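Please read these numbers as outputs of a predicted model, since none were measured by experiment.
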Amino acid sequence: MKKNQFAKIKDIAAGAVLSLLVLVCMCRYGEIMVLAESLEESAVSQEAELTAPDGQDTGAADTAQDAAGATLTDGIALSDAPGSYTMEEGWTLDETQSSDTVSVYKKEGSADVMETSTISCSYMETNYSVQEYEQLRDMLTNNLLYSNVDAQISTSAVYTLAKDYLYIILVDDSSEDYRDIYNYVVGDYRCFCVQVKEYRAEAELASSQDLQTPQEAGQSVAEGFEWTD
């Protein structure tokens with residue numbers, strides 16, 4: 001009798017241990033599935049942030065926005081401009097290329113020339129505060145790397161005269177007769193963008209005559225920018 005009771009107790013204990021093992025395995029499986037879902041969501045989020053633009057040429061305003069990536073919204077209307085800047089001497093507004101959200105400038109006397117250097121000024125909203133300028137910088141750079149695989153990309157940073165962070169990205173594709181320079185003045189959840197499309201021949205001519213190049217003119221505009229609100 002005692003042997004039968006001991007055997008029953010042994011069987012009950014074995015069943016309890018087996019049930020406990022099954023329960024532990026189910027919990028671990030649930031944790032693994034939750035972790036996998038979390039990792040998948042994180043990967044999708046990062047992919048969305050670093051997705052390259054479609055590469056279509058839709059004008060100066062769209063070019064600046066595309067290069068910045070998905071975290072930048074449509075350009076802010078210039079009539080609601082939250083800052084002010086002064087264009088360098090010798091540059092005039094090209095009304096045919098400008099719009100409500102971007103002002104495009106050309107050298108005086110080049111208004112009717114299509115393949116000539118331009119300086120485009122616009123405002124954009126971002127998902128980053130001033131303190132998060134490093135995340136904004138990385139996002140801008142990564143998107144340009146993805147969308148300009150054949151270009152050499154170099155970066156630098158300075159401060160504006162108003163002590164705002166100014167991030168500069170130079171995109172140089174040797175197969176093209178021009179290069180693009182992006183100057184971003186960082187503000188709270190917004191930035192002021194000065195995009196320079198600099199034709200090499202014009203830059204070389206200006207340098208040979210000890211004159212300001214389009215790149216230098218664009219950077220001077222950005223360095224003199226001030227937020228007004």
Side-chain angles (χ1 to χ4, degrees), residues 39-76 97 101-102 104 115 117-160 164-204 213-223 225:
L39 290 174
E40 182 179 359
E41 291 176 359
S42 176
V44 170
S45 176
Q46 292 180 14
E47 181 180 356
E49 183 177 6
L50 298 179
T51 297
D54 56 19
Q56 295 180 350
D57 184 7
T58 56
D62 291 340
T63 301
Q65 293 169 33
D66 287 347
T71 60
L72 294 183
T73 63
D74 293 336
I76 299 173
Q97 291 193 42
T101 58
V102 61
V104 181
E115 294 188 354
S117 299
T118 58
I119 298 177
S120 303
C121 299
S122 60
Y123 297 88
M124 292 171 288
E125 296 178 346
T126 77
N127 292 338
Y128 301 96
S129 68
V130 170
Q131 288 73 25
E132 298 171 313
Y133 72 91
E134 291 182 341
Q135 291 94 313
L136 175 64
R137 176 198 64 195
D138 293 344
M139 185 272 295
L140 293 170
T141 306
N142 286 333
N143 276 276
L144 284 170
L145 284 170
Y146 279 118
S147 59
N148 298 271
V149 294
D150 297 324
Q152 289 275 19
I153 294 181
S154 58
T155 65
S156 59
V158 296
Y159 287 98
T160 67
D164 289 308
Y165 182 77
L166 171 58
Y167 185 51
I168 304 168
I169 313 175
L170 191 153
V171 181
D172 192 347
D173 184 346
S174 59
S175 66
E176 302 287 353
D177 56 358
Y178 65 87
R179 60 183 188 171
D180 291 305
I181 304 98
Y182 299 88
N183 300 270
Y184 291 100
V185 180
V186 179
D188 264 327
Y189 304 103
R190 61 189 180 181
C191 61
F192 173 65
C193 176
V194 180
Q195 179 188 346
V196 181
K197 185 174 185 177
E198 181 184 69
Y199 279 85
R200 302 180 194 279
E202 294 178 349
E204 291 172 0
T213 65
Q215 178 184 2
E216 293 169 342
Q219 183 170 333
S220 293
V221 172
E223 288 179 348
F225 174 81

Sub-4.5 Å side-chain heavy-atom contact between [X] and [Y]:
X	Y	result
Cys121	Phe192	yes
Asn183	Phe225	no
Leu170	Ser154	yes

### Query
Does atom CD of Gln152 have more than 12 heavy-atom neighbours from other groups under 6.0 Å away?
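No, because the 6.0 Å sphere around CD of Gln152 holds 12 heavy atoms or fewer from other groups.
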### Query
Looking at residues at least two apart in the chain, or sitting in another chain, which of them share a salt bridge (Lys or Arg N to Asp or Glu O under 4.0 Å) with Arg190?
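Scan of Arg190 (salt bridge (Lys or Arg N to Asp or Glu O under 4.0 Å), adjacent residues dropped) gives Asp229.
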Looking only at heavy atoms, what is the nearest atom pair of [X] and [Y], with distance?
X	Y	result
Val158	Gln219	CG2-NE2, 4.4 Å
Val194	Ala222	CG2-CB, 4.0 Å
Ala203	Thr213	O-CG2, 3.8 Å

### Query
Which residues satisfy the side chain to side chain contact (heavy atoms under 4.5 Å, CB included) test with Thr160, sequence neighbours excluded?
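Partners of Thr160 under the side chain to side chain contact (heavy atoms under 4.5 Å, CB included) test: Ala162, Asp164, Leu166, Val185.
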### Residues forming a side chain to side chain contact (heavy atoms under 4.5 Å, CB included) with Tyr133, sequence neighbours excluded
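Side chain to side chain contact (heavy atoms under 4.5 Å, CB included) check on Tyr133 returns Tyr165, Val186.
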#### Entry: Between CD on residue Glu198 and CD on residue Glu216, distance to nearest 0.5 Å
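These two atoms lie 8.0 Å from each other.
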### Query
What distance separates Leu136 CG from Thr126 OG1, expressed to the nearest 0.5 Å?
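Answer rounded to 0.5 Å: 5.5 Å.
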